[in-house]
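Notes follow the structure.
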Amino acid sequence: MIGKSPIGVFDSGYGGLTILSDIQKLLPQYDYLYLGDNARAPYGSRSFDVVYEFTLEAVKELFARGCELVILACNTASAKALRTIQQNDLPLLSPNKRVLGVIRPSTEIIGEITTTNHVGILATEGTVKSLSYPIEINKFSSDTIVTQQACPMWVPLIENGRHLSEGGKLFIQEDVQLLLSSDPQIDVIILGCTHYPILKSYIESIVPKNVKIVAQGPIIAEKLEDYLNRHPEIENKCSKNGEIHFLTTENKIDFDTKASLFLGEKIDSEHIRL
Ligand code: DGL
């Protein structure tokens with residue numbers, strides 16, 4: 001049985017599992033409660049108001065289930081809802097609880113990875129339009145040139161398990177080529193959507209050898225470890241039995257089948273309504 005204060009990990013669907021997997025590898029001692037809002041995914045093309053409303057519902061659910069700390073393991077939710085939740089909702093809802101996003105960690109260190117100082121972002125339409133990546137990267141390295149490419153077909157392809165079909169590969173090639181032709185000096189590409197690490201090896205096979213593909217999971221895991229070290233008031237409250245429990249707003253059997261493919265282990269989730 002999962003402990004009473006797991007770390008909450010939220011995504012619109014399956015993408016956050018890539019983040020959970022890296023976090024759990026580095027920090028296996030904690031309990032985790034994963035929530036996938038699969039019934040309402042994808043979030044990428046939804047408006048700010050809707051993404052905010054759905055994300056807040058998910059955060060409230062995870063708080064009600066004992067989480068003291070919730071990671072929005074979704075770039076779209078981090079871009080469109082995190083700031084409002086942190087600034088407006090948390091103080092009223094639960095001032096001692098914390099919600100963290102996934103955009104800041106990679107933007108803090110990307111300036112150290114690029115040598116040309118030209119960085120590419122592949123993300124959902126919502127994340128691209130929010131300009132969160134260029135704004136955050138330029139806070140830490142003001143002379144870095146950031147070029148973005150929205151990939152609206154990728155999440156539906158991944159959610160449906162069709163990303164490596166011949167048709168799926170065509171969409172991926174087209175978006176990657178558009179990004180690289182917009183700025184041929186790009187030498188680092190951030191996968192700015194938590195669904196995309198599942199495509200990392202394929203993307204590596206179609207870009208020039210000097211272009212590094214950066215997935216967020218390992219960076220987020222390290223930043224979370226650092227955060228917990230710096231915040232003992234939160235760390236002390238997190239339960240530590242090494243357990244994970246999964247919640248989905250869609251059909252449990254579908255979630256278990258697809259999530260097992262993502263994580264490479266058998267999943268037994270629980271269906272909930274938000
Ligand atoms: N995996 C999410 C992200 O990182 C959301 C994708 C979606 O639901 O469109 O942006």
Side-chain angles (χ1 to χ4, degrees), residues 8-23 34-59 70-83 85 99-107 120-136 148-163 168 171-172 175 189-200 203 213-221 223-224 246-250 254-255 258-259 261-263 274:
V9 179
F10 166 69
D11 182 44
S12 59
Y14 299 106
L17 295 171
T18 64
I19 304 291
L20 174 65
S21 157
D22 283 311
I23 291 178
Y34 184 87
L35 169 55
D37 190 10
N38 302 77
R40 303 189 292 194
Y43 279 14
S45 46
R46 293 189 186 273
S47 67
F48 266 82
D49 287 353
V50 170
V51 172
Y52 163 67
E53 188 190 312
F54 288 180
T55 305
L56 184 59
E57 282 174 7
V59 167
V70 170
I71 316 287
L72 301 184
C74 172
N75 288 265
T76 311
S78 301
K80 292 186 163 185
L82 177 65
R83 182 160 305 186
I85 290 176
V99 180
L100 303 175
V102 289
I103 293 181
R104 183 92 181 228
S106 31
T107 62
I121 309 294
L122 294 168
T124 65
E125 235 172 330
T127 301
V128 166
K129 282 196 189 139
S130 75
L131 297 179
S132 299
Y133 272 96
I135 292 169
E136 288 294 324
Q148 308 190 88
Q149 176 63 42
C151 313
M153 291 303 293
W154 294 18
V155 170
L157 284 167
I158 294 169
E159 291 275 317
N160 290 292
R162 302 301 306 275
H163 46 287
F171 281 108
I172 296 161
D175 289 330
I189 296 177
I190 301 182
L191 301 180
C193 170
T194 55
H195 282 68
Y196 299 175
I198 197 159
L199 304 171
K200 186 168 182 269
I203 298 171
I213 307 298
V214 175
Q216 301 168 300
I219 302 169
I220 288 158
K223 295 281 179 183
L224 176 61
F246 296 89
L247 307 171
T248 177
T249 55
E250 243 304 341
D254 284 353
F255 183 86
K258 287 190 192 152
L261 291 177
F262 258 82
L263 284 185
L274 286 177

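Whatever order the structure lists ligands and atoms in, that order sets their numbers, starting from 1. None of these values were measured; they are calculated from a predicted model.
- Annotation for ligand 1: atoms under 4.0 Å from non-hydrogen atoms of T124 are 6 (C), 9 (O), 10 (O).
- Contacts between T76 and ligand 1 below 4.0 angstrom, taking non-hydrogen atoms only, involve backbone and side chain alike.
- Counting heavy atoms under 4.0 Å from ligand 1, residue A41 does not touch it at all.
- When the options I198, L199, I203, V214 are evaluated for a side-chain contact (heavy atoms from CB on, under 4.5 Å) with L191, the one that passes is I203.
- The protein non-hydrogen atom at the shortest distance from atom 9 (O) of ligand 1 is G44 N, 2.7 Å.
- Side-chain contact check for T124 and T127: at least one donor-acceptor pair (N or O, by modelled atom type) lies under 3.5 Å.
- Between the side chain of Q216 and the main chain of V102, a donor-acceptor pair closer than 3.5 Å is present.
- Atoms of ligand 1 found under 4.0 Å from any heavy atom of S12 (numbered from 1 in listed order, with element): 5 (C), 6 (C), 7 (C), 8 (O).
- Checked against the 6.0 Å centroid criterion, the rings of W154 and F171 do not qualify as a close aromatic pair.
- Residues E125 and R46 are not paired through a salt bridge, judged by the lack of any N-O separation under 4.0 Å between the basic side chain and the carboxylate.
- Interface atoms of ligand 1 facing H195, defined by a heavy-atom separation under 4.0 Å, are 1 (N), 2 (C), 6 (C).
- The residue V102 has no part lying near ligand 1, judged by heavy-atom distances below 4.0 Å.
- In terms of protein heavy-atom proximity, atom 7 (C) of ligand 1 is nearest to Y43 N, 3.3 Å.
- Atom CZ of R40 has more than 12 heavy atoms from other residues, nucleotides or ligands within 6.0 Å.
- Taking atom 6 (C) of ligand 1 as the reference point, the nearest protein heavy-atom neighbour is V155 CG2, 3.6 Å.
- Relative ring orientation between Y14 and F262 is described as parallel, the plane-to-plane angle staying below 30° on a 0-90° scale split at 30° and 60°.
- Near P42, the atoms of ligand 1 lying under 4.0 angstrom from a non-hydrogen atom of the residue are 7 (C), 8 (O), 9 (O).
- By the 30° and 60° cut-offs, the orientation of the rings of Y34 relative to F246 is tilted.
- Ligand-side atoms of ligand 1 in range of T194: 1 (N), 2 (C), 3 (C), 4 (O), range being under 4.0 angstrom from any heavy atom.
- When hydrogens are left out, the protein atom nearest atom 3 (C) of ligand 1 is N75 N, 3.2 Å; that is the closest non-hydrogen contact.
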